[in-house]
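Here's the structure, in structure tokens; my notes come after.
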Amino acid sequence: MRIAILSDSHDHIPNLRRAVSRANSEGAELLIHCGDLISPFMLPCLDGFNGPVHLIYGNNPGDQHLIAARCATVFPRLHHHGTHGSFQAGALRIGICHYPDLARDLAASGSFDLVCCGHDHVWAVERLGSCLLVNPGDLLGKDANPAFALVDTGDSSVRRIEVGLQLPQDD
């Protein structure tokens, strides 16, 4: 199974659209957004994914009520988990939280096969025991080219896939 892991899109519609389109073209069967999606107007972009989507809030939660309500009604393929979540994808036990330090604790617990996080906008992949811990960096493009992670559970590989352009930096 291929899993697309995204985080910290911060209302950047073009980069989220590019990431979803690329995840579809790469054959991803599941998409996870690890927080800081922010606005409900981003949900139609996520709904463009060909399979199920799981998402959580981050430290910039946006309109929590509207996001949760629309995931439950308008976009039934979008599974909203609140501030953190866990679910099964086949035999794979997956945990999601926004913060890397909490994700590390989840990964070390032995309760999950894959734990995904975001928040610090820094790409990181680590194995803790039998758990793969993935931080896909960000889709905003704040300090690096916007990217997401593509996990292939068949061979346990993780690729960083860049999309869009980095935001201009102030000098």
Side-chain angles (χ1 to χ4, degrees), residues 1-38 42-58 71 75 77-81 84-100 102-104 106-107 112-167:
M1 173 189 307
R2 288 188 177 164
I3 302 170
I5 304 169
L6 292 62
S7 192
D8 296 275
S9 50
H10 290 276
D11 286 348
H12 199 295
I13 291 172
N15 286 348
L16 182 59
R17 283 186 179 148
R18 287 183 194 107
V20 168
S21 176
R22 183 71 185 272
N24 283 333
S25 70
E26 291 282 344
E29 300 168 62
L30 175 69
L31 187 145
I32 299 168
H33 193 296
C34 302
D36 284 357
L37 178 78
I38 303 179
M42 299 294 280
L43 296 175
C45 298
L46 283 178
D47 195 50
F49 182 67
N50 292 336
V53 176
H54 292 265
L55 67 145
I56 60 168
Y57 298 125
C71 285
F75 304 107
R77 288 184 309 116
L78 305 185
H79 305 280
H80 184 267
H81 296 274
H84 59 282
S86 64
F87 63 96
Q88 293 251 161
L92 200 63
R93 301 165 301 162
I94 300 174
I96 319 166
C97 69
H98 188 61
Y99 301 101
L102 298 176
R104 177 176 278 286
L106 286 176
F112 298 98
D113 302 302
L114 173 65
V115 172
C116 311
C117 64
H119 182 61
D120 62 7
H121 299 222
V122 177
W123 167 267
V125 176
E126 184 177 358
R127 183 155 298 276
L128 295 170
S130 62
C131 183
L132 184 62
L133 174 60
V134 177
N135 182 334
D138 70 19
L139 281 177
L140 178 62
K142 179 181 163 286
D143 296 320
N145 287 337
F148 69 95
L150 186 67
V151 175
D152 188 326
T153 62
D155 62 8
S156 298
S157 65
V158 183
R159 290 189 309 159
R160 183 176 187 271
I161 299 180
E162 291 187 4
V163 296
L165 298 172
Q166 185 176 351
L167 293 175

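We use all heavy atoms of the structure for the numbers below, so side chains are in, but hydrogens, waters and symmetry mates are not.
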Kindly determine whether Glu126 and Arg104 satisfy side-chain contact (heavy atoms from CB on, under 4.5 Å), including the steps that lead there.
-> CA-CA 9 Å; Glu126 184 177 358; Arg104 177 176 278 286; 2.5 Å; yes

From Leu106 atom CG to Leu114 atom CG, the distance as rounded to the nearest 0.5 Å | 11.0 Å

Not counting sequence neighbours, which residues clear side-chain hydrogen bond (donor to acceptor under 3.5 Å, both in side chains) with Ser21? List them please.
-> none

Nearest heavy-atom approach of Cys97 to Ala103 is SG-N, 3.3 Å

What's the verdict on side-chain contact (heavy atoms from CB on, under 4.5 Å) for Leu140 and Asn15, showing C-alpha distance, side-chain angles and the deciding distance?
-> CA-CA 7 Å; Leu140 178 62; Asn15 286 348; over 6 Å; no

For residues 46-56, tabulate all N or O donor-acceptor pairs below 3.5 Å that involve a side-chain atom, not counting sequence neighbours.
{"unit_1": "Asp47", "atom_1": "OD1", "unit_2": "Arg77", "atom_2": "NH2", "d": "3.4"}
{"unit_1": "Asn50", "atom_1": "ND2", "unit_2": "Asn24", "atom_2": "OD1", "d": "3.3"}
{"unit_1": "His54", "atom_1": "ND1", "unit_2": "His81", "atom_2": "NE2", "d": "2.7"}

Considering only heavy atoms from C-beta outward, does the side chain of Val125 approach that of Leu133 to under 4.5 Å?
-> no

For Asp138, enumerate each residue passing the side-chain hydrogen bond (donor to acceptor under 3.5 Å, both in side chains) test, keeping only those at least two apart in sequence or located in another chain.
-> His121

Partner residues of Asp120 under the salt bridge (Lys or Arg N to Asp or Glu O under 4.0 Å) criterion, sequence neighbours left out = none

With side-chain contact (heavy atoms from CB on, under 4.5 Å) as the test, would you mind laying out the steps for Ser156 and Leu132 before giving the verdict?
-> CA-CA 8 Å; Ser156 298; Leu132 184 62; 5.7 Å; no

Exercise: identify the closest heavy-atom pair between Phe112 and Cys131 | O-CB, 3.3 Å

Of all the heavy-atom pairs spanning Leu150 and Ala28, show the shortest one and how long it is.
-> CD1-CB, 4.0 Å

Sort and list the pairs that fulfil salt bridge (charged side-chain N to carboxylate O under 4.0 Å, His left out) and have at least one residue in residues 21-37, not counting sequence neighbours.
-> Arg22-Glu26, Glu26-Arg159

Atom SG of Cys116 and atom CD1 of Ile96: how far apart are they, to the nearest 0.5 Å?
-> 6.5 Å

Atom pair CG (Asp113) and CZ (Arg93), whose distance is rounded to the nearest 0.5 Å = 4.5 Å

Sub-4.5 Å side-chain heavy-atom contact between Ile94 and Ser86 | no

Are the aromatic ring centres of Tyr57 and His84 under 6.0 angstrom apart?
-> no

Would you find a donor on one side and an acceptor on the other, under 3.5 Å apart, between the side chain of His98 and the backbone of Cys34?
-> yes

Got a sec, which pairs hit salt bridge (charged side-chain N to carboxylate O under 4.0 Å, His left out) with one end in residues 2-21, sequence neighbours left out?
-> Arg2-Asp152

Spacing of His33 atom NE2 and His79 atom NE2 [to the nearest 0.5 Å] = 15.5 Å

Okay, side chain of Ser9, backbone of Leu139: is any donor-acceptor separation there less than 3.5 Å?
-> no

Decide side-chain contact (heavy atoms from CB on, under 4.5 Å) for Leu92 and Ile3; before the verdict, give the C-alpha distance in whole Å, the side-chain angles of both, and the deciding distance to 0.1 Å.
-> CA-CA 11 Å; Leu92 200 63; Ile3 302 170; 3.6 Å; yes

For residues Val134 and Phe148, determine if any side-chain heavy atom of one lies less than 4.5 Å from a side-chain heavy atom of the other.
-> no

From CG (Asn135) to CD1 (Ile5), nearest 0.5 Å = 9.5 Å

Would you give the length of the straight line joining atom SG of Cys117 to atom CG of Leu102, rounded to the nearest 0.5 angstrom?
-> 9.5 Å

